[in-house]
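Report on one structure; see the data block that follows.
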2 protein chains.
Amino acid sequence: MNQNAIDRKFESYLRSRSLKLTPQRRRIFERAFATHQHFSAETLYAWMAEEDGPRVSRATVYRTLALLEEGGFVESLDTGGELVYEHILGHGHHDHLICVDCGRIAEFREPRIEELQEQAARDKGFTLLSHSLRLMGRCGACARSAASDR
Amino acid sequence: MNQNAIDRKFESYLRSRSLKLTPQRRRIFERAFATHQHFSAETLYAWMAEEDGPRVSRATVYRTLALLEEGGFVESLDTGGELVYEHILGHGHHDHLICVDCGRIAEFREPRIEELQEQAARDKGFTLLSHSLRLMGRCGACARSAASDR
DNA sequence: GTCCATGCAAACAATTTGCAATGCA
DNA sequence: TGCATTGCAAATTGTTTGCATGGAC
């Protein structure tokens, strides 16, 4: 999906909820889609501060990220501490690997895990709505530097 | 493992780190093992307040829970909001199902998921240290009452 | 013109910390 | 006795909210 199509999707989402397209919302939205990294509200706020464009307050960053999440434009990931976001469009579902040393986040996809989750939920009489799977470990680079420190 | 053996394990853990066995620590420790439910720091603090025994401050509850977690006596689970704890001893590893309506927590065990996680980590060059898998859904009771509300 | 949105600062919730007093070992 | 521990209140962190002003439609 190109930038234009995404923009239209956002506009139509706002209209559907009778919300307004403000310069702040547009700026936050576009910035969130301009990166392929994970970012926190604070990080995004810092980007807003150092880059050019309409001034955006911290409160608006939080409010707009919440809005984007409700609209299914971004997803949040709880890193134990702050929430980080990533945009979703053109990005299939995946889970995360988090390096405990450097904080690097890698993504992986494993449909067989999803299937087993469904099964486990059914077994316990639950209707599965969503899940959060985070693998904590040490990435290759950190493992190597830990080894060379010895 | 009986209460006595668990107590000794705790005492020896404290000794190994040259920490002291205070009435507060003993009380918190025993209370944590006396329940088979999940509990938050605040809940535990409330138990301390309403039941008899040496007075325990909120700060000490937090500090001791952290200590118990480091020692591998309890494990924490992030429910999005507050952390809840459960004791580990005599309790194999499992993951959680959380009801989004009533907050009820169910446990399940699925070794095949663990195996696939290991594999995914290896594929990405990570050394897996731990993981957190939470399934969010609606428990049977809540699904039924939601249906009857209609 | 009518709501909705923004910025600001104050409020929040959960947890952590500094410090002086206290208490195990 | 010496260092760990406690309680208290103040501090922190990440996030949310109330309210007066400003702006999109």
Side-chain angles (χ1 to χ4, degrees), chain A residues 7-8 10-32 38-49 53-71 73-85 98 103, chain B residues 7-8 10-32 38-49 53-71 74-85 103:
Chain A
D7 276 12
R8 279 202 308 281
F10 183 45
E11 285 167 32
S12 105
Y13 170 67
L14 289 177
R15 250 195 315 281
S16 78
R17 294 191 42 183
S18 31
L19 300 177
K20 290 166 186 171
L21 178 58
T22 63
Q24 285 79 359
R25 283 185 179 153
R26 179 187 293 283
R27 193 175 168 211
I28 291 172
F29 177 77
E30 293 188 342
R31 191 60 182 82
H38 295 78
F39 57 89
S40 65
E42 200 55 37
T43 303
L44 180 52
Y45 176 64
W47 288 341
M48 299 287 105
R55 164 150 221 294
V56 179
S57 71
R58 185 174 267 107
T60 296
V61 168
Y62 279 97
R63 285 191 272 235
T64 305
L65 282 173
L67 185 66
L68 293 180
E69 188 166 18
E70 286 164 34
F73 296 96
V74 303
E75 224 170 51
S76 66
L77 166 67
D78 185 344
T79 61
E82 61 189 8
L83 251 34
V84 297
Y85 294 85
I98 305 174
Chain B
D7 277 11
R8 279 202 307 281
F10 183 44
E11 286 168 31
S12 104
Y13 171 67
L14 290 177
R15 250 195 315 281
S16 78
R17 294 191 43 184
S18 28
L19 300 177
K20 291 167 185 170
L21 178 57
T22 63
Q24 285 79 0
R25 283 186 179 153
R26 178 188 293 283
R27 193 175 169 211
I28 291 172
F29 178 77
E30 293 187 341
R31 192 59 182 80
H38 295 77
F39 57 90
S40 66
E42 200 55 37
T43 303
L44 181 52
Y45 176 65
W47 288 341
M48 299 284 105
R55 161 146 223 294
V56 179
S57 71
R58 186 175 267 107
T60 296
V61 168
Y62 278 98
R63 285 191 275 234
T64 305
L65 282 173
L67 186 65
L68 292 179
E69 187 166 19
E70 287 165 33
V74 303
E75 225 170 51
S76 66
L77 166 67
D78 185 343
T79 59
E82 62 190 6
L83 250 35
V84 298
Y85 293 85

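Here is how names work: the chains are called A, B, and so on, in the same order as the sequence lines, proteins then strands, and each is numbered from 1. These values consider heavy atoms only, across backbone and side chains, with no hydrogens, waters or symmetry-generated copies.
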- Backbone N or O of Pro54(A) within a donor-acceptor pair of the Arg27(A) side chain at under 3.5 Å? yes

- Item | Under-4.0 Å salt bridge between Glu11(B) and Arg25(B) | no

- Message: Distance check needed: dT13(D) P versus Glu42(A) CD, whole Å only.
- Response: 11 Å

- Note on the structure: When rounded to whole Å, the CZ to P distance for the pair Phe29(A) and dA5(C) reads 16 Å

- Task: Figure out the CG/P separation between Leu83(B) and dG14(D), and round it to whole Å.
- Result: 15 Å

- Item | For atom CG of Leu44(B) and atom P of dT15(C), their distance in whole Å | 12 Å

- For dT15(D) versus dA11(D), give the span between their P atoms, rounded off to a whole number of Å. 22 Å

- Would you please say whether a donor-acceptor pair under 3.5 Å links the side chains of Glu69(A) and Ser76(A)? yes

- Task: Describe, in one word, how the ring planes of Phe39(A) and Trp47(A) are oriented to each other, choosing from parallel (under 30°), tilted (30 to 60°) and perpendicular (over 60°).
- Result: tilted

- Task: Take the protein atom OH of Tyr13(B) and the nucleotide atom C1' of dA4(D), then report the distance between them rounded to whole Å.
- Result: 14 Å

- Item | Whole angstrom value for the distance that separates P of dT15(D) from CZ of Phe39(A) | 12 Å

- Message: I'd like to check Val84(A) versus Thr43(A) (side-chain heavy atoms, cut-off strictly below 4.5 Å). Are they in contact?
- Response: no

- Asp78(B) CG to dT15(C) C1', in whole Å, measures 13 Å

- Query: Could you state the CZ-P distance from Arg25(A) to dG23(D), rounded to the nearest angstrom?
  - Reply: 15 Å

- Message: For dG7(C) and Thr60(A) - does any side-chain N or O of the residue sit under 4.0 Å from the phosphate oxygens OP1/OP2?
- Response: yes

- nucleotides 16-25 of chain C: protein proximity per nucleotide (B base, S sugar-phosphate only, - neither; heavy atom, under 4.0 Å): BBB----BBS

- Between Tyr62(B) and Arg58(B), is any side-chain donor less than 3.5 angstrom from a side-chain acceptor? no

